[in-house]
Amino acid sequence: MRVKNKIISDGLSEVLEYLPQNVVSAVRELNREDIDEIRLRREGEVSVTCRDENVLMGIIISGREMDELMLKITDGSIYSHANTIRQGYVTLPFGIRVGISGRAVFEGGELSGISDISSLIFRVPRAVRGSGDYIAYLLRRENYRKGVLIYSPPGVGKTTVLRDTCRILSEGENPLRVVVVDTRDEICRGEKFGTVDILRGFSRAEGIEIALRTLSPQLIICDEIGSGEDSNAILSLRHSGVPLLASAHGDNLRELLTRPFICELHRSGIFSGYVGLNRSRGGMEYEYTQRKEVEIR
Amino acid sequence: MTVKLIGALFIAISSFALSSHFCSCLSREKDELGGFISLLNHIRLEISCFSKPLSQIFSEFSCPALDKSGFTETLRERGFSEGLKKNACRLNLSKEVKDILLSFSQSLGHGYREDEIKRCDNTISCLEERYKACLDTLPEKRKLIKSLSITFGISVIVILI
């Protein structure tokens, strides 16, 4: 199924507020509407990702500029973002995610932080009106008894689709009580939707547990599941009657179901089906596969 | 004779005002030092318990001694370093204390939680030592200033008359 969606807001101007002036000018001169990422490298060239194309900008970022940028994105308080830096990112207002690469620092055998920051990758967030219509339809069709798992490679728009689905289901005539476990603070980006309760910064396992225990949700949304740590919490939803709308990285369904954790979720029947996302010109393509159509040997 | 008496009275009042001014400077130094110790304790607490960003930590801090010098206002708007630099001449602190605070402020926020807490602890203990010394010497310094002012005033009056 192919749906044409309209981009209603693009976070590029918000991203540019953080960048050095020469980078801002170069990006503006580039004049492209499909910028997904801006990549800055210490003593290396700045590049811009437009869909699958990487454009070199011919600008070198000095070590000092990189350090200043790091302080700017952490509001001059690196320690206050230590948890997410450890996981390789910082989330800025408007749901801008900045990926961080550098040298791992270990303390007592455990990763305690990242030093010598070598790259900062600013991902441009988007709100796409209508991108969640199809997912909302699938959930409604199941009478909100079973969830849906969205998969795609990184950068295609899983979070954008989750955000729009969240908006659709929590507004209108019969809004649902939606709980968003926003581990990376990206789904709701500080926006307020009708009947949404947001658990910001919680791990998926903790968030789901708290949501079930105290927030009596009719739908739980979380992004990028895929680790075994989440499995017990997600499996606990099986008997709770609360559907889960989640996303996971994956090129295709076959590859996705080779992962033991996803395979376990498939067997448990948490999801009624799987939706693969693909970007096409002017819209998003959805490839829906019902759970019962999938056979696992 | 009347002119001489008026002159003597003027000198006496001036000496008294001068000694009061110096004494109040000493008190302000002590109060400001105490204010900075409270600020550092506040920063340490907010970092260790809540990991709040500095802008939020600064916005929640208030201290009359530092408010008077305009430091708190600049702190909230432009940060610790800028607050010190902009109000350097209005703060009654020794150069040594200003240097300690400046070096602390320049690296504040650049490290992880444990480093920040350690840095806060070190600076707090440095400032507390100076605060204690300041408290100990304050009565003696006040006495000295008062005696010098009185001696100066009396000498000038005697010379005049």
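Note that the structure is a prediction, hence the values are computed from the model and not measured. No hydrogens, no waters, no symmetry mates; every other heavy atom, side chains included, goes into these values. To find a chain, count down the sequence lines: A is the first, B the second, and so on, and within it residues start at 1.
- The distance from atom SG of B/Cys134 to atom CD of B/Glu128, rounded to the nearest 0.5 Å, is 13.5 Å.
- Between A/Ile114 and A/Val105, every side-chain heavy-atom pair lies at or beyond the 4.5 Å cut-off.
- Listed by first and then second residue, the side-chain hydrogen bond (donor to acceptor under 3.5 Å, both in side chains) pairs involving residues 25-37 of chain B are B/Ser27-B/Arg142 (not counting sequence neighbours).
- With sequence neighbours left out, A/Ala233 forms a side-chain contact (heavy atoms from CB on, under 4.5 Å) with A/Ala205, A/Ile208.
- Counting heavy atoms from C-beta outward, B/Leu101 and B/Phe80 have side chains that approach closer than 4.5 Å.
- Residues A/Ile220 and A/Leu245 fail the side-chain proximity criterion, which asks for heavy atoms closer than 4.5 Å.
- Residue contact with chain A, scored on non-hydrogen atoms closer than 4.5 Å, involves the backbone of B/Leu108 exclusively.
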Pairs of donor and acceptor atoms, chain B with chain A, under 3.5 Å:
{"residue": "B/Lys52", "atom": "O", "partner": "A/Tyr79", "partner atom": "OH", "Å": "2.7"}
{"residue": "B/Leu54", "atom": "N", "partner": "A/Ser77", "partner atom": "OG", "Å": "2.8"}
{"residue": "B/Ser55", "atom": "OG", "partner": "A/Asp75", "partner atom": "OD2", "Å": "2.8"}
{"residue": "B/Gly109", "atom": "O", "partner": "A/Ile78", "partner atom": "N", "Å": "2.8"}
{"residue": "B/Gly111", "atom": "O", "partner": "A/Tyr79", "partner atom": "N", "Å": "3.2"}
{"residue": "B/Tyr112", "atom": "OH", "partner": "A/Ile114", "partner atom": "N", "Å": "2.9"}
{"residue": "B/Tyr112", "atom": "OH", "partner": "A/Ile114", "partner atom": "O", "Å": "2.9"}

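- In this structure, B/Leu39 and B/Phe71 have side chains that are in contact, with non-hydrogen atoms separated by less than 4.5 Å.
- No more than 12 heavy atoms of other residues, nucleotides or ligands sit less than 6.0 Å from atom NZ of B/Lys68.
- Using a 4.5 Å cut-off on side-chain heavy atoms (C-beta onward), A/Val179 and A/Leu212 make no contact.
- Among the residues in residues 84-94 of chain B, none has a non-hydrogen atom closer than 4.5 angstrom to a non-hydrogen atom of chain A.
- In this structure, A/Ile96 and A/Val124 have side chains that are not in contact, with every pair of non-hydrogen atoms separated by 4.5 Å or more.
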